[in-house]
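Worksheet: the structure to be examined is printed underneath.
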There are 2 protein chains.
Amino acid sequence: MKLSTRGRYGLKAIYQLALYYGQGPISLKQIAIEQELSENYLEQLFSTLRKEGLLHSVRGAQGGYMLSKKPSEITVGEILRALEGNIAPYDCVVDDDFVCSREDTCVTRPVWVKIKNSIDEVIDSITLQDMIEENIKFEEQEDER
Amino acid sequence: MKLSTRGRYGLKAIYQLALYYGQGPISLKQIAIEQELSENYLEQLFSTLRKEGLLHSVRGAQGGYMLSKKPSEITVGEILRALEGNIAPYDCVVDDDFVCSREDTCVTRPVWVKIKNSIDEVIDSITLQDMIEENIKFEEQEDER
DNA sequence: GGAAAACCCAGTGAAATAGTTGGGATTAGA
DNA sequence: TCTAATCCCAACTATTTCACTGGGTTTTCC
């Protein structure tokens with residue numbers, strides 16, 4: 001029941017973009033260095049995020065990536081779903097093509113539904129802006145010591 | 001972010017044991033047939049659940065497994081954790097041995113913590129008894145149609 | 001024109017998952 | 001006492017998923 005590195009790395013990387021919001025395109029290389037991630041791998045993640053409409057890209061020299069919306073308008077849920085697909089303990093609660101011969105009598109399904117709903121509630125309520133603010137608060141507390 | 005078959009099969013199987021609670025030991029074979037699972041594989045899961053104290057076993061002919069507590073005293077959380085380990089999106093929020101060089105400055109950790117807490121809240125609040133009752137209610141609704 | 005960047009996509013090695021197999025040990029009942 | 005039912009345990013294997021890597025193309029700035 002773990003997220004893969006796609007979701008984890010992707011969120012870290014897009015957080016970094018959020019910090020630079022409004023400052024023009026940032027190169028993959030810079031993000032990869034700042035968050036200690038593989039540049040090539042990150043490229044795949046950003047490609048996905050771009051196709052999902054969360055990022056804009058600028059090609060050519062001095063190009064790079066930027067958020068397509070304000071940090072307060074992008075939720076963790078959108079990011080994780082773009083990178084990992086629906087976040088749920090089992091496909092039977094999300095995948096329309098999923099065939100379950102005993103869907104109507106499955107005794108565990110209600111449990112999976114409840115877990116999914118509670119995760120959704122959390123990730124859809126956190127925006128990149130929230131993450132930035134939480135981090136600022138945390139750093140201030142550190143400084144006080 | 002999916003559960004493995006261990007958690008899924010295990011919960012189905014132990015639910016079946018809950019239905020027979022108070023009726024003495026039930027054989028693996030019977031459970032395997034009723035929930036359409038591999039008997040040998042199920043054995044591994046029950047072995048784990050026994051070691052965790054959730055099941056009792058009776059060896060020999062006419063032996064089998066039974067719940068070690070009332071269905072109302074066993075939660076889904078106990079079962080899933082026994083079979084899958086801690087349920088969390090990332091090891092950094094559960095594993096004491098986990099080494100994270102940037103734990104204090106990690107911007108994503110608060111997100112993982114919130115997800116974990118919300119999952120825990122759900123799975124620790126559902127007992128086997130709850131599952132049985134939910135299923136009875138569902139069947140009654142079906143009958144009305 | 002050259003360098004820097006995004007873009008595209010196929011391949012790969014390692015690890016995890018989902019079982020299977022085979023052989024014991026124990027016990028109830030005939 | 002014998003036998004069949006059953007739990008117990010460890011090793012083995014096939015498949016899938018993951019986390020990259022590499023090689024090439026295209027675009028744009030200087």
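Computed from a predicted structure; not experimentally measured.
Phosphate proximity of dC7(D) to S27(B): absent, as no side-chain N or O sits under 4.0 Å from OP1 or OP2. Distances shown here put a side-chain N or O of T5(A) below 4.0 Å from the OP1 or OP2 atom of dA19(D). Here Y9(A) does not reach the OP1 or OP2 of dA19(D): none of its side-chain N or O atoms lies under 4.0 Å away.
Per the geometry, CG belonging to L3(A) stands 15 Å off C1' belonging to dT17(D), to the nearest Å. Put simply, CG on L55(B) is 14 Å from C1' on dC8(D), counting in whole angstrom units. Spacing between atom CG of L42(A) and atom C1' of dG22(D) amounts to 17 Å, rounded to whole angstrom units. Spacing between atom CZ of R50(B) and atom C1' of dT6(D) amounts to 13 Å, rounded to whole angstrom units. Across the protein-nucleic acid pair, L37(A) atom CG and dT21(D) atom C1' stand 16 Å apart, rounded to whole Å. Taking atom CD on E39(B) and atom C1' on dA5(D), their separation rounds to 11 Å, with Å as the unit. Rounding to whole angstrom units, CG of residue L83(A) and P of dC18(D) are separated by 13 Å. Atom pair Q30(B):CD and dT6(D):P shows a separation of 9 Å (rounding to whole Å applied).
Across the interface with DNA chain D, nearest-nucleotide mapping of N40(A) and R6(A) shows R6(A) to be the residue nearer the 5′ end.
Clustering of Ile, Leu, Val, Met, Phe, Trp and Tyr by side-chain heavy atoms under 4.5 Å joins M66(B) with V58(B).
No contact: R8(B) has no heavy atom under 4.0 Å from any strand. If you check every strand for non-hydrogen atoms under 4.0 Å, K2(B) touches nothing. Contact annotation for Y65(B): backbone-only contact, meaning every heavy-atom pair under 4.0 Å involves sugar-phosphate atoms and none involves a base.
Counting only heavy atoms from C-beta outward, the side chains of I31(A) and F46(A) approach each other to under 4.5 Å. Y21(B) has its side chain within reach of K70(B): a pair of non-hydrogen atoms, C-beta onward, lies under 4.5 Å apart. Using a 4.5 Å heavy-atom cutoff, the side chains of L55(B) and L67(B) are in contact.
Other residues, nucleotides and ligands contribute at most 12 non-hydrogen atoms within 6.0 Å of the CD atom of E121(B). Under a cut-off of 6.0 angstrom, the local environment of CD in E39(A) is crowded, with over 12 non-hydrogen atoms contributed by other residues, nucleotides or ligands.
Counting only distance, with no hydrogens or angles, the side chain of E84(B) and the backbone of G7(B) share a donor-acceptor pair below 3.5 Å.
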I'd like a list of close polar pairs between nucleotides 26-30 of chain D and the protein, N/O only, cut-off under 3.5 Å.
from: dT26(D); atom 1: O2; to: R59(A); atom 2: NH2; distance (Å): 3.2
from: dT28(D); atom 1: O2; to: A61(A); atom 2: N; distance (Å): 3.3

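A donor and an acceptor atom, one from each side chain of T5(B) and Y41(B), are located under 3.5 Å apart.
Put simply, NZ on K12(A) and CE on M131(A) are 10.5 Å apart, with the number rounded to the nearest 0.5 Å. Expressed to the nearest 0.5 Å, how far OG of S27(A) lies from CD1 of I33(A) amounts to 7.5 Å.
The span of DNA chain C lying next to chain B, judged by atoms under 4.0 Å from heavy atoms, is bounded 5' to 3' by dA18(C) to dG29(C).
At a cut-off of 3.5 angstrom, counting only N and O atoms as typed in the model, there is no donor on one side facing an acceptor on the other between the side-chain of Q44(B) and the base of dC9(D).
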